[in-house]
Amino acid sequence: MHRAPPAAAPSWRDSYDGSLFGPPEERTFFQQRSMSVDALVERAGSTSGFVNARREDQARIEREIRRFARGHDGTVSIRTDIVSAFRVS
């Protein structure tokens with residue numbers, strides 16, 4: 001099943017208040033990790049999108065992950081984006 005991409009959400013950059021904080025510093029980290037299907041489900045279950053979803057949606061997401069990953073234990077790629085800024089005194 002293919003879904004249409006979600007409508008573009010406003011970027012946090014559009015509402016960033018540079019008078020309260022200095023310039024944002026952005027970093028991206030990539031890692032590859034061996035994961036079983038159960039570990040992949042656990043990883044997804046630790047994300048804010050999953051935790052904040054309704055229980056029915058959490059169950060659906062878990063089913064879709066298990067269906068998608070069935071028989072494909074192996075390496076997954078993980079991208080982590082970090083943004084930090086110092087508060088202006």
Side-chain angles (χ1 to χ4, degrees):
M1 166 169 54
H2 291 70
R3 292 192 175 100
S11 170
W12 63 267
R13 289 171 183 83
D14 296 337
S15 60
Y16 182 76
D17 188 348
S19 68
L20 297 175
F21 296 92
E25 182 178 334
E26 298 180 60
R27 299 259 171 98
T28 300
F29 300 93
F30 298 93
Q31 60 178 306
Q32 290 189 332
R33 193 181 280 184
S34 253
M35 280 192 190
S36 66
V37 173
D38 288 337
L40 184 58
V41 167
E42 186 175 314
R43 169 82 168 102
S46 72
T47 64
S48 61
F50 185 92
V51 171
N52 292 318
R54 296 176 311 182
R55 290 207 187 271
E56 314 79 71
D57 292 332
Q58 290 176 349
R60 179 187 48 78
I61 292 166
E62 180 175 342
R63 282 192 308 274
E64 289 182 15
I65 291 170
R66 289 188 183 283
R67 181 186 56 78
F68 177 75
R70 187 177 305 126
H72 296 284
D73 286 358
T75 302
V76 297
S77 297
I78 299 171
R79 173 183 168 156
T80 304
D81 296 308
I82 308 270
V83 179
S84 65
F86 290 102
R87 185 168 177 81
V88 174
S89 304

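We use all heavy atoms of the structure for the numbers below, so side chains are in, but hydrogens, waters and symmetry mates are not.
- Every pair passing salt bridge (charged side-chain N to carboxylate O under 4.0 Å, His left out) that includes a residue from residues 16-28 is listed here, sequence neighbours excluded: Arg13-Glu26, Glu25-Arg27.
- Among all heavy-atom pairs drawn from Ala69 and Val37, the shortest one is O-CG2, 3.5 Å.
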Check against side chain to side chain contact (heavy atoms under 4.5 Å, CB included), Arg43 and Ile78: CA-CA 10 Å; Arg43 169 82 168 102; Ile78 299 171; 3.0 Å; yes

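- By the side-chain contact (heavy atoms from CB on, under 4.5 Å) test, Ala85 is found to be paired with Tyr16, Phe21, residues two or more places apart in sequence or in another chain being considered.
- Between Asn52 atom CG and Asp57 atom CG the span is 11.5 Å, to the nearest 0.5 Å.
- Ion pairing of Arg60 with Glu56 is absent here, as no side-chain N (NZ or NE/NH1/NH2) approaches a carboxylate O to less than 4.0 Å.
- Other cluster members for Phe86: none, since no ILVMFWY side-chain heavy atom sits under 4.5 Å from it.
- Residues forming a salt bridge (charged side-chain N to carboxylate O under 4.0 Å, His left out) with Arg63 (at least two apart in sequence, or on another chain): none.
- Among residues two or more places apart in sequence or in another chain, the side-chain contact (heavy atoms from CB on, under 4.5 Å) test is passed with Arg55 by Gln58.
- Considering only residues two or more places apart in sequence or on other chains, Asp38 meets the salt bridge (charged side-chain N to carboxylate O under 4.0 Å, His left out) condition with Arg66.
- Ile61 is linked by a side-chain contact (heavy atoms from CB on, under 4.5 Å) to Phe50, Ile65, counting only residues two or more places apart in sequence or in another chain.
- The distance from the CZ atom of Arg33 to the OG1 atom of Thr75 is 11.5 Å, given to the nearest 0.5 Å.
- Residues satisfying the side-chain contact (heavy atoms from CB on, under 4.5 Å) criterion with Thr28, sequence neighbours excluded, are Phe30, Arg79, Asp81.
- Not counting sequence neighbours, Glu42 has no partner by the salt bridge (charged side-chain N to carboxylate O under 4.0 Å, His left out) test.
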